[in-house]
Number of protein chains: 2
Amino acid sequence: MIEKSKNTDRSTEVVPRPGGRSARIQAAVIQAVEELKQNQDPSELTVPAIADRAGVTPSTIYRRWGTLNELLAEVAARNMRPDAPPQDTGDWRNDLAVWLHEFVEEMSSEPGRVMLREVLGGERPDNAGQCSSFTRQQLDTILARVNNDEERPPATDDLLDQVIAPVMYRILFTNAPPERDYTQKLIDKALGVNST
Amino acid sequence: MIEKSKNTDRSTEVVPRPGGRSARIQAAVIQAVEELKQNQDPSELTVPAIADRAGVTPSTIYRRWGTLNELLAEVAARNMRPDAPPQDTGDWRNDLAVWLHEFVEEMSSEPGRVMLREVLGGERPDNAGQCSSFTRQQLDTILARVNNDEERPPATDDLLDQVIAPVMYRILFTNAPPERDYTQKLIDKALGVNST
DNA sequence: CCCTTAAGGCAAATATTTTGCGTTAAGGGG
DNA sequence: CCCCTTAACGCAAAATATTTGCCTTAAGGG
């Protein structure tokens, strides 16, 4: 008997389908994770518990995300998405300072550090990449407010190197979260302010 | 009957004992982890497997480290300890460049990224702190070679902020590991080299 | 409307983590 | 030097979590 028409030998790669049942389940799972994270006691944040609350079987979660770490990484990355563009005070330098101080405070907080740990703990680099992408977008938004005729704004990359990176390094690798003064000095230096 | 002499009501806090049986077991477990990490297929890197190889019961590991993540974080932090001081070429600027390029290459490599993930994935901040402590020591060693009569070396903190941090940020949060040119420019800028 | 296929549910099989309890060895005091 | 106390370990049973095989479901495409 001839094997029934194998259509798999075509280069017709199986294209992943967008939206639909999968999407609803994914949303339910993610929401379940966020809800369970409200309850203190992180030991309740387990795959079976998440599955239960999402109305899904554990195997669904394991098959889609592989491990709890990956699921948490994805959720954390999502939650890092800013819910608003940086405040517009009319002075972009001020916007930058205001936004940055808030950014640092959020990242240094316990929930912030937990999110960072989760994002960086995942194996897929996408999630971490998304975080810096969000940050970059916020910076771009602020820099777009500069009147280019009057002054030349710093490049986004320079701000990432000279301000964001040092702040993140301290949060991730030292016990001393960045003080407000320290952060401000980084800004001033990056913007070329003379404070000798 | 009088409860037999309770000597626990004294302020004689029970002091954790250094070295001894515990120390040997700890060493055996850590070595087991390192050996198992040689074998590709990280799915073999499991607590029962580690316990087996270390000649220990799993419960010992769970009680001491809590989770696999914590154990891996500790081992990774240990392995980040440099095994030699930075090469001494006679020119500290060169020493810095040589050391840094090697540092970046190690951290960007797949094993390096895995170690970073493990270190940052643990809950105890000590391990990450130790990493930056190692880095700081290496930098200090290089800077100590500067002849202070002739030139003023940069501060270690400035190097951390302006060179190490940007490099680490890119490794952790972007898909593009730092190119050699990029790293060199960071050094030049931090050392005040005019390259306009 | 039917066909194909990726994804989900269910439940059994595995693997892991946790826990209670008895044992061991390191230190300290008499 | 011996005993006493205690933290840490081993062992094994119990509790959880993870993996897997097989069947069912629903989204898209022809």
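Every chain is numbered from 1, with letters handed out A, B, ... down the list of sequences.
Distance A:Glu44 CD to D:dA17 P: 11 Å, rounded to the nearest Å. Between A:Arg24 atom CZ and D:dT25 atom C1' the separation is 12 Å, expressed in whole Å. The CD1 atom of B:Ile61 sits 14 Å away from the C1' atom of C:dT18 (whole-angstrom rounding). When rounded to the nearest whole Å, the span between OH of B:Tyr62 and P of C:dA15 equals 13 Å. Taking atom CG on A:Leu68 and atom C1' on D:dT19, their separation rounds to 16 Å, with Å as the unit.
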Report, one pair per line, the protein and nucleotides 8-10 of chain C atoms (nitrogen or oxygen only) whose separation is under 3.5 Å.
| unit_1 | atom_1 | unit_2 | atom_2 | d |
| --- | --- | --- | --- | --- |
| C:dG8 | OP1 | A:Arg64 | NH2 | 2.7 |
| C:dG8 | O4' | A:Arg21 | NH1 | 3.3 |
| C:dG9 | OP2 | A:Thr57 | N | 3.4 |
| C:dG9 | OP2 | A:Thr57 | OG1 | 3.3 |
| C:dG9 | OP2 | A:Thr60 | OG1 | 2.4 |
| C:dG9 | O6 | A:Arg63 | NH2 | 2.7 |
| C:dC10 | N4 | A:Ser59 | OG | 3.1 |
| C:dC10 | N4 | A:Arg63 | NH2 | 3.3 |

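By the 4.0 Å N-to-carboxylate-O rule, B:Glu151 lies close enough to B:Arg93 to be salt-bridged with it. A salt bridge is defined here as a Lys NZ or Arg NE, NH1 or NH2 lying under 4.0 Å from an Asp or Glu carboxylate O, and A:Arg113 with A:Glu106 fails to meet this definition. The pair A:Arg170-B:Asp161 meets the salt-bridge criterion, since a charged nitrogen lies less than 4.0 angstrom from a carboxylate oxygen. A salt bridge links B:Arg136 with B:Asp157: the closest approach of a Lys/Arg side-chain nitrogen to an acidic carboxylate oxygen falls below 4.0 angstrom.
Residues B:Pro154 and B:Leu143 come closest through the heavy atom pair O-CD1, 3.3 Å.
When only modelled atom types and interatomic distance are considered, A:Thr135 and A:Ser132 share no side-chain donor-acceptor pair under 3.5 Å. A side-chain donor from one of A:Ser43 and A:Asp41 sits under 3.5 Å from a side-chain acceptor of the other. Side-chain contact annotation: A:Glu74 with A:Trp65, donor-acceptor N/O pair under 3.5 Å present.
Remark: D:dG30 base-pairs with C:dC1; criterion is Watson-Crick or G-U wobble with both hydrogen-bond distances under 3.5 Å.
Sorted by residue number, the members of residues 45-52 of chain A with any non-hydrogen atom under 4.0 Å from DNA chain D read A:Thr46, A:Val47, A:Pro48.
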